[in-house]
Amino acid sequence: MRERIFRDSVITGIILGLFSISLEYLLFYNFDKLINYFTAGGHVLKTPRLQSLILAVNVILFRFVMINWKKPATGKGLLLVLLCITGIYLHINKTSIF
């Protein structure tokens, strides 16, 4: 059943990557707002920490797709999205990795 819904293709990986990054951003951002509302101690997940957490969760998702689910083409699409988002993040924040 899962084979028909979740085919192994690069396009599926790109869609999965964009969907997971968007969903994680909404969840973590709203969770941070909720903690800030109840504690009034400031944001726990400031901007660099929030993006780093989202990228870390997606690297774990990439590992599951490649190794546990044995979907190499989907993993390549997910990796493409991860690399593009990381490049955009580094460019926007003027951060150098070297």
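We use all heavy atoms of the structure for the numbers below, so side chains are in, but hydrogens, waters and symmetry mates are not.
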Student: Starting from Val59, can I reach Phe64 by hopping between I/L/V/M/F/W/Y residues whose side chains sit under 4.5 Å apart?
Tutor: no
Student: How close do Leu82 and Leu55 get, counting heavy atoms only, and between which atoms?
Tutor: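 Residues Leu82 and Leu55, closest heavy atoms: CD2-CD2, 4.1 Å.
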Student: Working to the nearest 0.5 angstrom, can you tell me the gap between Ile88 CD1 and Leu83 CG?
Tutor: 11.0 Å
Student: Rounded to the nearest 0.5 Å, how far does CD1 of Ile85 lie from CG of Leu80?
Tutor: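 Interatomic distance, Leu80 CG to Ile85 CD1, rounded to 0.5 Å: 10.0 Å.
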Student: Restricting to non-hydrogen atoms, name the atom on Ile54 and the atom on Phe28 that form the minimum distance, rounded to 0.1 Å.
Tutor: CG1-CD1, 3.8 Å
Student: What are the two closest non-hydrogen atoms of Met66 and Lys71, and how far apart are they?
Tutor: SD-O, 4.0 Å
Student: Just by distance, do the side chain of Asn30 and the backbone of Leu26 share a donor-acceptor pair under 3.5 Å?
Tutor: yes
Student: Indicate the atoms forming the closest heavy-atom contact of Phe62 with Leu79, along with that distance.
Tutor: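 Result for this residue pair: CE1-CB, 3.7 Å.
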Student: Quick one: do Asn58 and Leu61 satisfy side-chain contact (heavy atoms from CB on, under 4.5 Å)? Show the steps, please.
Tutor: CA-CA 5 Å; Asn58 276 304; Leu61 177 65; 3.9 Å; yes
Student: Do Tyr29 and Ile21 sit in one hydrophobic cluster, given that two such residues count as connected whenever their side-chain heavy atoms are within less than 4.5 Å of each other, even indirectly?
Tutor: yes
Student: Between atom CG of Leu23 and atom CG of Leu27, what is the distance when rounded to the nearest 0.5 Å?
Tutor: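 The CG atom of Leu23 sits 4.5 Å away from the CG atom of Leu27.
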Student: When rounded to the nearest 0.5 angstrom, what is the spacing between OG in Ser20 and CD1 in Ile15?
Tutor: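 Here the rounded value is 12.0 Å.
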Student: Is the backbone of Thr12 close enough, under 3.5 Å, to the side chain of Arg7 for a donor and an acceptor to pair up by distance?
Tutor: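 Flag not set: sc Arg7 to bb Thr12 has no pair under 3.5 Å.
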Student: Working note: Trp69 + Thr74, criterion side-chain contact (heavy atoms from CB on, under 4.5 Å); need CA distance, chi angles, decisive distance, verdict.
Tutor: CA-CA 10 Å; Trp69 296 344; Thr74 304; over 6 Å; no
Student: Which pair of non-hydrogen atoms, one from Pro72 and one from Asp8, has the smallest distance, and what is that distance?
Tutor: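 For Pro72 and Asp8, the tightest heavy-atom pair comes out as CD-OD2, 3.4 Å.
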Student: Take Val44 and Asn36 through the test side-chain contact (heavy atoms from CB on, under 4.5 Å) and record every step on the way to the result.
Tutor: CA-CA 7 Å; Val44 176; Asn36 187 26; over 6 Å; no
Student: Between Arg63 and Asn68, is there a side-chain heavy-atom distance shorter than 4.5 Å?
Tutor: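 They are in contact (side-chain heavy atoms under 4.5 Å apart), so the answer is yes.
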Student: Tell me, do Leu50 and Asp32 make a side-chain contact under 4.5 Å, heavy atoms counted?
Tutor: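 Sidechains of Asp32 and Leu50: no contact.
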